[in-house]
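To keep things clear, I will list the structure first and then write my remarks on it.
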Amino acid sequence: MHSPLDVEGWALEVFTMKRFAPLIAPAKLLRDFPATRCYLIGVSGGRDSIALLDLLLGFGYEKLVVCHLDHRLRDAASRADARFVEKVARNLGLDCEIGSVDVGALAKRSKLSIETAARFARLAFFVEVARRRRCSRIFLAHHADDLVETALLNLFRGAGPAGMAALRQVSIHRVGKTKLTIIRPLLAVWRKEIDGYIRQQRLEFREDKTNARLDSSRNRIRHRVLPNIGKTFGRDVRRPIWRTAVIWADEEALLDSMLPSAGAKLAVTSLRKLSVALQRRALLRWLQQRKTPNITFDLVEKIRALLEPSSSTAKVNLPGNRHVRRRARKIFIEG
(Lines give C-alpha, C1' and ligand atoms only; values in the text may rest on other atoms or scores of the structure.)
Protein backbone atom coordinates (compact mmCIF):
# COMPACT_ATOMS: atom_id res chain seq x y z
CA MET A 1 0.00 0.00 0.00
CA HIS A 2 1.54 3.39 0.88
CA SER A 3 2.13 5.88 3.65
CA PRO A 4 -0.82 7.51 5.43
CA LEU A 5 0.43 10.93 4.33
CA ASP A 6 -0.03 10.10 0.63
CA VAL A 7 -3.53 8.80 1.17
CA GLU A 8 -4.57 11.73 3.32
CA GLY A 9 -3.29 14.22 0.75
CA TRP A 10 -5.23 12.53 -2.04
CA ALA A 11 -8.40 12.23 0.02
CA LEU A 12 -8.31 15.88 1.04
CA GLU A 13 -7.93 16.82 -2.60
CA VAL A 14 -10.79 14.74 -3.98
CA PHE A 15 -13.15 15.44 -1.10
CA THR A 16 -12.66 19.21 -1.18
CA MET A 17 -12.90 19.77 -4.94
CA LYS A 18 -14.64 23.06 -5.66
CA ARG A 19 -16.43 21.75 -8.74
CA PHE A 20 -19.16 20.21 -6.61
CA ALA A 21 -20.04 19.98 -2.94
CA PRO A 22 -18.56 16.94 -1.18
CA LEU A 23 -20.93 14.52 0.50
CA ILE A 24 -18.55 13.43 3.23
CA ALA A 25 -15.40 15.37 4.05
CA PRO A 26 -12.54 13.52 5.77
CA ALA A 27 -13.02 15.44 9.03
CA LYS A 28 -16.72 14.59 9.07
CA LEU A 29 -16.05 10.96 8.16
CA LEU A 30 -13.62 10.56 11.05
CA ARG A 31 -15.90 12.46 13.42
CA ASP A 32 -19.04 10.48 12.62
CA PHE A 33 -17.28 7.14 12.21
CA PRO A 34 -14.19 7.05 14.45
CA ALA A 35 -11.30 5.00 13.10
CA THR A 36 -10.88 3.24 16.44
CA ARG A 37 -14.10 1.22 15.96
CA CYS A 38 -14.63 -2.00 14.02
CA TYR A 39 -16.16 -1.82 10.53
CA LEU A 40 -17.00 -4.20 7.73
CA ILE A 41 -15.91 -3.27 4.21
CA GLY A 42 -17.28 -4.76 1.01
CA VAL A 43 -14.42 -5.69 -1.30
CA SER A 44 -15.14 -7.16 -4.73
CA GLY A 45 -11.49 -7.03 -5.74
CA GLY A 46 -12.18 -4.35 -8.37
CA ARG A 47 -10.48 -0.98 -8.50
CA ASP A 48 -13.18 0.92 -6.57
CA SER A 49 -13.22 -1.26 -3.46
CA ILE A 50 -9.45 -1.70 -3.49
CA ALA A 51 -9.02 2.09 -3.61
CA LEU A 52 -11.48 2.54 -0.74
CA LEU A 53 -9.73 -0.12 1.34
CA ASP A 54 -6.39 1.60 0.78
CA LEU A 55 -7.87 5.00 1.59
CA LEU A 56 -9.42 3.84 4.86
CA LEU A 57 -6.21 2.19 5.98
CA GLY A 58 -4.47 5.49 5.35
CA PHE A 59 -6.98 7.24 7.59
CA GLY A 60 -6.15 4.80 10.36
CA TYR A 61 -9.06 2.36 10.06
CA GLU A 62 -7.24 -0.74 11.22
CA LYS A 63 -10.19 -2.75 12.58
CA LEU A 64 -11.66 -3.63 9.21
CA VAL A 65 -13.32 -6.92 8.32
CA VAL A 66 -13.04 -7.54 4.57
CA CYS A 67 -16.27 -9.01 3.15
CA HIS A 68 -16.48 -10.64 -0.28
CA LEU A 69 -19.39 -12.53 -1.84
CA ASP A 70 -18.71 -14.88 -4.73
CA HIS A 71 -21.74 -14.55 -7.03
CA ARG A 72 -20.74 -17.69 -8.97
CA LEU A 73 -21.55 -15.96 -12.25
CA ARG A 74 -18.14 -16.21 -13.91
CA ASP A 75 -16.96 -19.69 -12.89
CA ALA A 76 -13.17 -19.73 -12.48
CA ALA A 77 -12.91 -15.93 -12.64
CA SER A 78 -15.32 -15.55 -9.69
CA ARG A 79 -13.33 -18.03 -7.63
CA ALA A 80 -10.11 -16.22 -8.55
CA ASP A 81 -11.65 -12.92 -7.36
CA ALA A 82 -12.41 -14.50 -3.98
CA ARG A 83 -8.87 -15.87 -3.67
CA PHE A 84 -7.44 -12.45 -4.60
CA VAL A 85 -9.50 -10.66 -1.93
CA GLU A 86 -8.56 -13.29 0.64
CA LYS A 87 -4.89 -12.77 -0.19
CA VAL A 88 -5.18 -8.97 0.02
CA ALA A 89 -6.79 -9.21 3.46
CA ARG A 90 -4.20 -11.71 4.66
CA ASN A 91 -1.29 -9.52 3.49
CA LEU A 92 -2.81 -6.55 5.31
CA GLY A 93 -3.42 -8.55 8.47
CA LEU A 94 -7.19 -8.01 8.27
CA ASP A 95 -9.98 -10.44 9.07
CA CYS A 96 -11.82 -11.71 6.01
CA GLU A 97 -15.27 -13.15 5.39
CA ILE A 98 -15.87 -14.97 2.08
CA GLY A 99 -19.37 -16.05 1.10
CA SER A 100 -20.80 -17.77 -1.97
CA VAL A 101 -24.26 -17.61 -3.55
CA ASP A 102 -25.50 -18.92 -6.89
CA VAL A 103 -26.97 -15.59 -7.98
CA GLY A 104 -28.08 -16.97 -11.34
CA ALA A 105 -30.21 -19.62 -9.64
CA LEU A 106 -31.48 -17.08 -7.13
CA ALA A 107 -32.55 -14.72 -9.91
CA LYS A 108 -34.38 -17.50 -11.72
CA ARG A 109 -36.07 -18.77 -8.58
CA SER A 110 -37.11 -15.28 -7.46
CA LYS A 111 -37.94 -14.02 -10.98
CA LEU A 112 -35.54 -11.10 -10.53
CA SER A 113 -32.88 -9.62 -12.78
CA ILE A 114 -29.32 -10.80 -12.17
CA GLU A 115 -28.37 -7.35 -10.90
CA THR A 116 -31.28 -7.15 -8.45
CA ALA A 117 -30.70 -10.70 -7.21
CA ALA A 118 -27.00 -9.94 -6.72
CA ARG A 119 -27.83 -6.81 -4.74
CA PHE A 120 -30.21 -8.71 -2.45
CA ALA A 121 -27.67 -11.51 -2.02
CA ARG A 122 -24.91 -9.07 -1.07
CA LEU A 123 -27.11 -7.29 1.46
CA ALA A 124 -28.16 -10.60 3.03
CA PHE A 125 -24.50 -11.67 3.22
CA PHE A 126 -23.41 -8.37 4.79
CA VAL A 127 -26.24 -8.55 7.34
CA GLU A 128 -25.32 -12.12 8.24
CA VAL A 129 -21.67 -11.13 8.78
CA ALA A 130 -22.73 -8.05 10.75
CA ARG A 131 -24.88 -10.19 13.03
CA ARG A 132 -22.18 -12.79 13.57
CA ARG A 133 -19.37 -10.28 14.03
CA ARG A 134 -21.53 -7.88 16.06
CA CYS A 135 -20.34 -5.12 13.77
CA SER A 136 -23.19 -3.02 12.40
CA ARG A 137 -21.36 -0.63 10.06
CA ILE A 138 -20.06 -1.34 6.58
CA PHE A 139 -18.10 0.75 4.06
CA LEU A 140 -19.03 0.35 0.40
CA ALA A 141 -17.20 1.78 -2.60
CA HIS A 142 -20.07 3.26 -4.63
CA HIS A 143 -18.86 6.42 -6.36
CA ALA A 144 -20.27 9.38 -8.31
CA ASP A 145 -20.66 7.45 -11.58
CA ASP A 146 -22.56 4.70 -9.73
CA LEU A 147 -24.91 7.35 -8.33
CA VAL A 148 -25.60 8.76 -11.82
CA GLU A 149 -26.14 5.33 -13.38
CA THR A 150 -28.41 4.18 -10.55
CA ALA A 151 -30.44 7.39 -10.75
CA LEU A 152 -31.05 6.94 -14.49
CA LEU A 153 -31.69 3.22 -14.17
CA ASN A 154 -34.36 3.80 -11.53
CA LEU A 155 -35.84 6.75 -13.41
CA PHE A 156 -36.33 4.63 -16.53
CA ARG A 157 -37.99 1.99 -14.37
CA GLY A 158 -40.55 4.56 -13.25
CA ALA A 159 -39.14 5.41 -9.83
CA GLY A 160 -39.74 8.77 -8.18
CA PRO A 161 -37.21 10.89 -6.26
CA ALA A 162 -36.67 8.04 -3.77
CA GLY A 163 -35.36 5.83 -6.57
CA MET A 164 -33.28 8.62 -8.05
CA ALA A 165 -31.69 9.09 -4.64
CA ALA A 166 -31.31 5.38 -3.91
CA LEU A 167 -27.59 5.66 -3.12
CA ARG A 168 -27.01 7.83 -0.08
CA GLN A 169 -23.84 8.73 1.76
CA VAL A 170 -25.20 7.03 4.88
CA SER A 171 -28.19 4.69 4.87
CA ILE A 172 -29.63 2.25 7.39
CA HIS A 173 -31.06 -1.15 6.52
CA ARG A 174 -32.97 -3.23 9.06
CA VAL A 175 -33.27 -6.95 8.47
CA GLY A 176 -34.97 -8.72 11.34
CA LYS A 177 -33.31 -7.54 14.52
CA THR A 178 -30.11 -6.49 12.73
CA LYS A 179 -29.52 -2.86 11.83
CA LEU A 180 -26.79 -2.32 9.22
CA THR A 181 -25.44 1.18 8.60
CA ILE A 182 -24.00 1.55 5.09
CA ILE A 183 -21.35 4.25 4.60
CA ARG A 184 -20.33 5.38 1.11
CA PRO A 185 -17.38 7.81 1.39
CA LEU A 186 -16.70 7.91 -2.38
CA LEU A 187 -20.08 9.15 -3.63
CA ALA A 188 -18.51 12.49 -4.59
CA VAL A 189 -15.56 10.90 -6.39
CA TRP A 190 -15.66 10.07 -10.11
CA ARG A 191 -14.48 6.84 -11.68
CA LYS A 192 -11.66 8.55 -13.56
CA GLU A 193 -10.28 9.93 -10.27
CA ILE A 194 -10.30 6.47 -8.75
CA ASP A 195 -8.50 5.17 -11.86
CA GLY A 196 -5.86 7.87 -11.41
CA TYR A 197 -5.42 6.99 -7.76
CA ILE A 198 -5.03 3.30 -8.57
CA ARG A 199 -2.31 4.12 -11.11
CA GLN A 200 -0.56 6.56 -8.80
CA GLN A 201 -0.44 4.10 -5.91
CA ARG A 202 0.20 1.09 -8.18
CA LEU A 203 -2.50 -0.94 -6.52
CA GLU A 204 -3.36 -4.39 -7.79
CA PHE A 205 -6.99 -5.18 -8.53
CA ARG A 206 -9.17 -7.61 -10.46
CA GLU A 207 -10.83 -6.55 -13.71
CA ASP A 208 -14.40 -7.80 -14.22
CA LYS A 209 -14.65 -8.25 -17.99
CA THR A 210 -18.46 -8.37 -17.84
CA ASN A 211 -18.42 -4.62 -17.10
CA ALA A 212 -17.74 -4.02 -20.79
CA ARG A 213 -20.63 -6.18 -22.01
CA LEU A 214 -23.99 -4.69 -22.98
CA ASP A 215 -26.25 -7.46 -21.72
CA SER A 216 -27.13 -5.65 -18.49
CA SER A 217 -29.19 -2.48 -18.15
CA ARG A 218 -26.52 -0.74 -16.09
CA ASN A 219 -23.81 -1.41 -18.66
CA ARG A 220 -26.03 -0.12 -21.46
CA ILE A 221 -26.62 3.08 -19.51
CA ARG A 222 -22.89 3.43 -18.85
CA HIS A 223 -21.61 2.68 -22.35
CA ARG A 224 -24.50 3.74 -24.58
CA VAL A 225 -27.17 5.91 -22.97
CA LEU A 226 -25.01 8.42 -21.08
CA PRO A 227 -22.54 8.96 -23.96
CA ASN A 228 -25.45 9.42 -26.40
CA ILE A 229 -27.21 11.91 -24.14
CA GLY A 230 -23.94 13.80 -23.71
CA LYS A 231 -23.41 13.84 -27.46
CA THR A 232 -26.95 15.11 -28.05
CA PHE A 233 -26.58 18.00 -25.61
CA GLY A 234 -22.95 18.66 -26.45
CA ARG A 235 -21.76 18.45 -22.84
CA ASP A 236 -21.14 16.08 -19.96
CA VAL A 237 -24.55 15.43 -18.39
CA ARG A 238 -23.31 13.31 -15.52
CA ARG A 239 -22.60 16.21 -13.15
CA PRO A 240 -26.09 17.78 -13.32
CA ILE A 241 -27.65 14.32 -12.87
CA TRP A 242 -25.36 13.77 -9.87
CA ARG A 243 -26.36 17.14 -8.36
CA THR A 244 -30.05 16.35 -8.82
CA ALA A 245 -29.67 12.97 -7.13
CA VAL A 246 -27.82 14.58 -4.21
CA ILE A 247 -30.51 17.25 -3.77
CA TRP A 248 -33.23 14.61 -3.87
CA ALA A 249 -31.36 12.48 -1.33
CA ASP A 250 -31.40 15.37 1.13
CA GLU A 251 -35.08 16.06 0.47
CA GLU A 252 -35.89 12.36 0.79
CA ALA A 253 -34.25 12.32 4.21
CA LEU A 254 -36.37 15.30 5.27
CA LEU A 255 -39.62 13.72 4.04
CA ASP A 256 -38.76 10.41 5.70
CA SER A 257 -38.34 12.24 9.01
CA MET A 258 -41.92 13.51 8.69
CA LEU A 259 -43.45 10.03 8.51
CA PRO A 260 -45.21 8.57 11.54
CA SER A 261 -43.93 5.30 12.95
CA ALA A 262 -45.71 2.29 11.46
CA GLY A 263 -46.55 -1.05 13.02
CA ALA A 264 -48.04 -4.17 11.50
CA LYS A 265 -51.35 -2.34 11.10
CA LEU A 266 -51.89 1.18 9.77
CA ALA A 267 -54.61 3.45 11.09
CA VAL A 268 -56.78 4.65 8.21
CA THR A 269 -57.80 7.84 10.02
CA SER A 270 -54.17 8.86 10.67
CA LEU A 271 -53.13 8.18 7.08
CA ARG A 272 -55.99 10.28 5.72
CA LYS A 273 -54.62 13.32 7.55
CA LEU A 274 -51.32 13.12 5.64
CA SER A 275 -50.70 14.78 2.29
CA VAL A 276 -50.89 12.54 -0.77
CA ALA A 277 -47.10 12.55 -1.07
CA LEU A 278 -46.65 11.41 2.53
CA GLN A 279 -49.42 8.82 2.18
CA ARG A 280 -47.57 7.24 -0.74
CA ARG A 281 -44.28 7.38 1.11
CA ALA A 282 -45.75 5.89 4.28
CA LEU A 283 -47.34 3.01 2.35
CA LEU A 284 -44.16 2.38 0.37
CA ARG A 285 -42.03 2.20 3.50
CA TRP A 286 -44.62 -0.02 5.22
CA LEU A 287 -44.60 -2.45 2.28
CA GLN A 288 -40.80 -2.46 2.12
CA GLN A 289 -40.53 -3.22 5.84
CA ARG A 290 -42.78 -6.22 5.25
CA LYS A 291 -40.52 -7.51 2.48
CA THR A 292 -43.01 -6.95 -0.33
CA PRO A 293 -41.29 -7.54 -3.71
CA ASN A 294 -41.96 -5.67 -6.94
CA ILE A 295 -43.64 -2.63 -5.38
CA THR A 296 -45.04 -0.43 -8.14
CA PHE A 297 -46.72 2.97 -8.24
CA ASP A 298 -49.99 1.31 -9.26
CA LEU A 299 -49.81 -1.06 -6.29
CA VAL A 300 -49.30 1.82 -3.85
CA GLU A 301 -52.18 3.72 -5.43
CA LYS A 302 -54.52 0.74 -5.12
CA ILE A 303 -53.69 0.45 -1.43
CA ARG A 304 -54.04 4.20 -0.98
CA ALA A 305 -57.54 3.95 -2.45
CA LEU A 306 -58.47 1.82 0.57
CA LEU A 307 -58.24 5.00 2.65
CA GLU A 308 -61.25 6.54 0.95
CA PRO A 309 -64.51 6.19 2.92
CA SER A 310 -66.39 5.65 -0.33
CA SER A 311 -64.11 2.83 -1.48
CA SER A 312 -65.96 -0.39 -2.24
CA THR A 313 -62.71 -2.35 -2.31
CA ALA A 314 -61.46 -3.91 0.90
CA LYS A 315 -58.62 -6.07 -0.45
CA VAL A 316 -55.59 -5.52 -2.70
CA ASN A 317 -53.51 -8.45 -3.96
CA LEU A 318 -49.78 -8.52 -3.29
CA PRO A 319 -47.08 -10.66 -4.91
CA GLY A 320 -46.60 -14.04 -3.25
CA ASN A 321 -50.28 -14.77 -2.56
CA ARG A 322 -50.57 -12.12 0.14
CA HIS A 323 -53.20 -9.40 0.45
CA VAL A 324 -53.61 -5.96 1.94
CA ARG A 325 -56.97 -5.68 3.70
CA ARG A 326 -58.93 -2.86 5.31
CA ARG A 327 -61.01 -3.80 8.30
CA ALA A 328 -62.13 -1.91 11.42
CA ARG A 329 -60.37 1.26 10.21
CA LYS A 330 -57.06 -0.59 9.96
CA ILE A 331 -54.94 -1.63 6.97
CA PHE A 332 -52.92 -4.82 7.36
CA ILE A 333 -51.33 -7.66 5.39
CA GLU A 334 -52.53 -11.23 5.55
CA GLY A 335 -51.31 -14.38 3.89
Side-chain angles (χ1 to χ4, degrees), residues 40-49 52 66-74 78 81-82 85 97-131 136-160 162-176 178-187 191 206 208 210-211 213 215-222 245 249 252 284-285 287-296 319-320:
L40 309 179
I41 176 171
V43 180
S44 66
R47 64 189 71 202
D48 306 334
S49 58
L52 177 60
V66 173
C67 302
H68 175 89
L69 182 65
D70 178 358
H71 297 74
R72 292 160 62 180
L73 291 171
R74 294 179 293 121
S78 291
D81 289 348
V85 171
E97 294 277 355
I98 304 292
S100 177
V101 172
D102 188 340
V103 168
L106 175 63
K108 186 175 181 180
R109 186 168 62 251
S110 306
K111 297 182 180 179
L112 298 170
S113 69
I114 291 291
E115 185 178 21
T116 300
R119 186 171 68 252
F120 286 161
R122 284 193 299 273
L123 180 59
F125 170 64
F126 294 150
V127 166
E128 191 273 330
V129 174
R131 183 184 297 119
S136 62
R137 296 170 179 83
I138 184 168
F139 286 107
L140 297 182
H142 295 115
H143 48 72
D145 291 273
D146 289 326
L147 180 59
V148 170
E149 293 161 9
T150 300
L152 281 185
L153 190 63
N154 289 340
L155 177 65
F156 295 153
R157 287 171 174 167
M164 289 286 285
L167 294 183
R168 304 188 189 186
Q169 55 187 24
V170 178
S171 58
I172 296 175
H173 293 263
R174 289 180 174 85
V175 180
T178 302
K179 183 180 77 170
L180 183 65
T181 299
I182 296 178
I183 313 154
R184 299 180 175 95
L186 300 180
L187 272 189
R191 183 179 288 116
R206 292 280 297 175
D208 184 349
T210 63
N211 287 335
R213 289 161 45 180
D215 53 354
S216 75
S217 298
R218 179 176 293 275
N219 285 353
R220 288 193 292 272
I221 285 177
R222 179 182 304 170
E252 285 295 301
L284 174 62
R285 187 172 73 173
L287 291 170
Q288 289 172 334
Q289 289 173 346
R290 274 134 197 89
K291 299 180 175 59
T292 305
N294 305 321
I295 304 172
T296 64

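Because the structure is predicted, anything quoted here is derived from the model rather than measured.
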- prompt: Under 6.0 Å from the CZ atom of Arg157, do we count more than 12 heavy atoms belonging to anything else shown?
  reply: yes

query: With side chains defined as the heavy atoms from C-beta onward, is the minimum distance between Asp145 and Glu149 less than 4.5 Å?
result: yes

field: Approximate separation, where rounding is to 0.5 Å, of Ser217 OG and Asn154 CG
entry: 11.0 Å

Shortest non-hydrogen contact from Ser171 toward Arg184: OG-NH1, 3.3 Å

task: Calculate, to the nearest 0.5 Å, the distance between atoms CG and CZ belonging to Asp208 and Arg47 respectively.
output: 11.0 Å

task: Could you tell me which non-hydrogen atom of Val129 sits nearest to which non-hydrogen atom of Cys67, and how far apart they are?
output: CG1-SG, 3.9 Å

query: Quick one: does Val85's side chain get under 4.5 Å of Arg206's, heavy atoms only?
result: no

- prompt: Less than 4.5 Å apart, any side-chain heavy atom of Val127 and any of His173?
  reply: no

Interatomic spacing from CZ in Arg137 to CD1 in Ile183 - rounded to 0.5 Å: 7.0 Å

Leu52 vs His143, side-chain contact (heavy atoms from CB on, under 4.5 Å): CA-CA, chis, key distance, verdict: CA-CA 10 Å; Leu52 177 60; His143 48 72; over 6 Å; no

message: Checking the side chain of Arg72 only, and the main-chain atoms of Val103 only, is there a donor and an acceptor separated by less than 3.5 Å?
response: no

task: List the steps, then state whether side-chain contact (heavy atoms from CB on, under 4.5 Å) holds for Arg191 with Asp146.
output: CA-CA 9 Å; Arg191 183 179 288 116; Asp146 289 326; 4.1 Å; yes

statement: side-chain contact (heavy atoms from CB on, under 4.5 Å) filter on Ala245, not counting sequence neighbours, yields Leu147, Ala151

task: Calculate, to the nearest 0.5 Å, the distance between atoms OG1 and CZ belonging to Thr178 and Arg131 respectively.
output: 3.5 Å

- prompt: Which heavy-atom pair separates Gly104 from Leu73 by the least distance, and what is that distance?
  reply: N-CD2, 3.7 Å

statement: Looking only at heavy atoms, the pair that brings Leu69 and Gly99 closest together is CD1-C, 3.4 Å

task: Look at the side chain of His68 and the backbone N and O of Val43, then say whether any donor-acceptor pair between them is shorter than 3.5 Å.
output: yes

field: ring-ring contact (aromatic ring centres under 6.0 Å, His included) against Phe139, all qualifying residues, sequence neighbours excluded
entry: Tyr39, Tyr61

message: A side-chain contact here means heavy atoms from C-beta on lying under 4.5 Å apart; do Asp70 and Asp81 qualify?
response: no

query: Does any non-hydrogen side-chain atom of Ile182 lie less than 4.5 Å from one of Phe126?
result: no

field: Side-chain heavy-atom pair Ser78, His71 within 4.5 angstrom cut-off
entry: no

message: Just verifying a value: how many Å separate Leu152 CG and Ile221 CD1, rounded to the nearest 0.5 Å?
response: 5.5 Å

Solution key, residues 105-116 side-chain donor-acceptor pairs under 3.5 Å, sequence neighbours excluded:
unit_1, atom_1, unit_2, atom_2, d
Ser110, OG, Leu106, O, 3.0
Ser113, OG, Thr116, N, 3.1
Ser113, OG, Thr116, OG1, 2.9
Glu115, OE2, Arg218, NE, 2.6
Glu115, OE2, Arg218, NH2, 3.4

- prompt: Which pair of heavy atoms, one from Ser44 and one from Ser49, lies closest together, and at what distance?
  reply: N-OG, 3.1 Å

Shortest non-hydrogen contact between Asn219 and Thr210, atoms and distance: ND2-O, 2.8 Å

